[in-house]
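See below for the structure under consideration.
Atom set for the values below is all heavy atoms of this structure, side chains included, hydrogens, waters and symmetry mates excluded. Numbered from 1 within each chain, the chains take letters A, B, ... in sequence-line order.
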Amino acid sequence: MDVMIPTTYKVQKFFKETHDTFTIELKSIENKNGFSFEPGQFNMIYIFGVGEIPISISGDPNKHGVLVHTTRAVGTVTREMAKLKKDGIVGIRGPFGKPWPIKEAVGNDILLIAGGIGLAPLRPVIYHVLSHREYYGKIILLYGARTPQDILYRKELERLKSRLDIDIIVTVDRAVKNWTGNVGVVTTLIPRAPFDPINTTAMICGPEIMMRYTIVELLKRGLAKENIFVSMERNMKCGVGFCGHCQYGTEFICKDGPVFSYKEIEHLFGKREI
Amino acid sequence: MESLEKILIQHPFVEGLPSEHIQLILGCAKNVVFEPGKYLFKENEEANSFYIIRSGKVALEIYSPEVGSIIIQTLGEGEIIGWSWMVPPYQWRFDARAIELTRVIELDGTCLRNKCETDPSLGYEIMKRLANVFEQRINAMRIQLLDLYGKK
Ligand SMILES: Cc1cc2nc3c(=O)[nH]c(=O)nc-3n(C[C@H](O)[C@H](O)[C@H](O)COP(=O)(O)OP(=O)(O)OC[C@H]3O[C@@H](n4cnc5c(N)ncnc54)[C@H](O)[C@@H]3O)c2cc1C
Ligand code: FES
């Protein structure tokens, strides 16, 4: 199969998550075998006549019949994507990229830290660890959004919160009086989050500045650099290491990432010229 | 008083303080509970207390006539509220409202200030701990100002 040629998928469901984010559920037209991926991997989504962009897969890795993507409308392609309707057609290449370290994290506490749309690439990890619950220690999700209206997957988070085997702490940057949750940036949740720093794998996804400050707090709590993982974003074209568009220092984000341990990219992280 | 001492020494704010300092602080302390919705204090009131949160959650709010009360931060277990008792004119600059049932140790500001004046080693310890809290809060506030999840 040529990795540069997209396969066509049909939109089965389209729903708005918040004012600027939406989720599409896709089904392959050509391939009846379904779609397999690992949490953290992404697809190149082609909106015909507009362009192609990388979007993480945000569905359940155990469900192969449907492909799920949650996207924030920010520019040319994503805004056009936001206009998709049921039965609309898109092209898919993928899955690409290195996944979150869910196998390496077996036996550890799992600390997921997400900001804004960054919850989408981490949702498959939640599905995976909850369906393999006995292999992991504590599971903690710290999630920061701009306002209560911007909380992604809100109903699903509320449902998960009622389970006794996962801690979910949500915080928003600003709120008015009827909000009874936390207010403050996601980094403020780290000093008191209930994990064991020696045996924890942290996976962080969000804007780069948020990830930078999050890492500072995790290091303060005593997490080792090799146990902290981030998902990086850069513009992409081929998605498979041919074109060099996504170059990040010595790494290509599409094929060496998008998930990296902090130890691997510490020398690049936060550098302005890269 | 013995049980209050037990509670106080478990709080991160006083961790590592020598027992003579703990005793001085205890002389200014009382155990207080706020029901959800009750205010610990309101903007412009005299600031004569310092709160060490044992459990629960408190919203710090600023009132704006156009929007109503805006929550600027929430604080919970292990955190402290208020330094206006240390800084003239000793007036609160925001409201503090319990969102959940909240248990605090309330320290009398004048009492604590006087003890800090007469025992500079206690004063220095308290200032060091407060400086640590200032630093964390200012950093958090700076990140909050970046509007991280908004449009680039
Ligand atoms: C591996 C990987 C996984 C990704 N996963 C997801 C995902 O699951 N969901 C998702 O919504 N996005 C995801 N993205 C980001 C997504 O690819 C970009 O938002 C998209 O390429 C923007 O394309 P566009 O044509 O709509 O915007 P453009 O027209 O290219 O950009 C328009 C404007 O939007 C700004 N912009 C571009 N990207 C972003 C951004 N990420 N956030 C805010 N502003 C931006 C640009 O600076 C520009 O000003 C991922 C990116 C990578 C590399
Ligand atoms: S996108 Fe082409 S090399 Fe990464």
Side-chain angles (χ1 to χ4, degrees), chain A residues 18-21 72-75 78-79 113-120 143-152 169-194 204-214 216-217 220 233 235, chain B residues 10-13 15 35-39 42 53-81 94-102 132-152:
Chain A
T18 67
H19 77 283
D20 62 354
T21 55
R72 186 153 83 99
V74 293
T78 47
R79 287 210 186 102
I113 308 179
I117 185 75
L119 184 56
Y143 176 47
R146 196 177 191 208
T147 70
Q149 288 71 41
D150 292 301
I151 295 172
L152 205 55
I169 311 176
V170 176
T171 185
V172 298
D173 275 359
R174 63 207 68 185
V176 288
K177 205 165 177 175
N178 57 3
W179 170 249
T180 56
N182 299 298
V183 178
V185 283
V186 73
T187 50
T188 59
L189 303 176
I190 296 169
R192 269 167 298 284
I204 318 169
C205 191
E208 220 165 294
I209 314 175
M210 168 243 159
M211 296 202 287
R212 223 162 70 204
Y213 285 104
T214 300
V216 171
E217 290 300 323
K220 266 197 221 163
E233 275 190 21
N235 284 341
Chain B
Q10 284 165 8
H11 198 282
F13 186 77
E15 205 181 308
E35 304 275 331
K38 287 276 180 295
Y39 283 85
K42 286 199 162 169
I53 307 178
R54 294 175 48 208
S55 65
K57 196 190 292 171
V58 176
L60 307 187
E61 299 174 338
I62 294 182
Y63 180 78
S64 131
E66 298 84 16
V67 191
S69 290
I70 302 162
I71 307 176
I72 42 173
Q73 189 179 23
T74 51
L75 296 169
E77 189 176 330
E79 297 183 294
I80 61 136
I81 303 179
F94 46 82
D95 302 341
R97 178 175 57 89
I99 304 181
E100 299 169 359
L101 183 74
T102 301
N132 200 12
V133 178
F134 297 153
E135 203 249 0
Q136 283 168 0
R137 301 254 173 104
I138 288 171
N139 280 344
M141 213 61 95
R142 283 183 182 143
I143 308 173
Q144 209 164 343
L145 278 176
L146 295 173
D147 194 12
L148 285 184
Y149 321 118
K151 289 241 173 335
K152 279 189 196 163

Between R174(A) and D147(B), is a side-chain contact (heavy atoms from CB on, under 4.5 Å) present by the stated rule, with each step listed? CA-CA 10 Å; R174(A) 63 207 68 185; D147(B) 194 12; 3.9 Å; yes
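Minimum heavy-atom separation, Y213(A) to I143(B): CG-CD1, 3.5 Å. Across every non-hydrogen atom of L148(B) and I209(A), the tightest pair is CD2-CB, 3.8 Å. Residues Y39(B) and K177(A) share a closest heavy-atom pair of OH-NZ, 2.8 Å.
Here the CD1 atom belonging to I71(B) is positioned 10.0 Å from the CG atom belonging to N182(A), to the nearest 0.5 angstrom.
Summarising the local packing, CD of E77(B) is surrounded by 12 or fewer heavy atoms from other residues, nucleotides or ligands at distances under 6.0 Å. For K220(A), the NZ atom counts as densely surrounded, since its 6.0 Å shell holds more than 12 non-hydrogen atoms of other residues, nucleotides or ligands.
The residue among Q136(B), R137(B), E79(B), M141(B) with the most heavy atom pairs within less than 4.5 Å of chain A is E79(B). Each of G116(A), G184(A), G144(A), G206(A) has some count of heavy-atom pairs under 4.5 Å with chain B, and the biggest count is that of G144(A). Ranking V67(B), L146(B), I72(B), I99(B) against chain A, the residue ahead of the rest is I99(B), based on heavy-atom pairs under 4.5 Å. For the options G68(B), G76(B), A59(B), A140(B), heavy-atom pairs under 4.5 Å to chain A are most numerous at A140(B).
Judged purely by atom type and a 3.5 angstrom limit, Q144(B) uses its side chain to pair as donor or acceptor with the backbone of D173(A).
Heavy-atom distances place both the backbone and the side chain of T180(A) under 4.5 Å from chain B.
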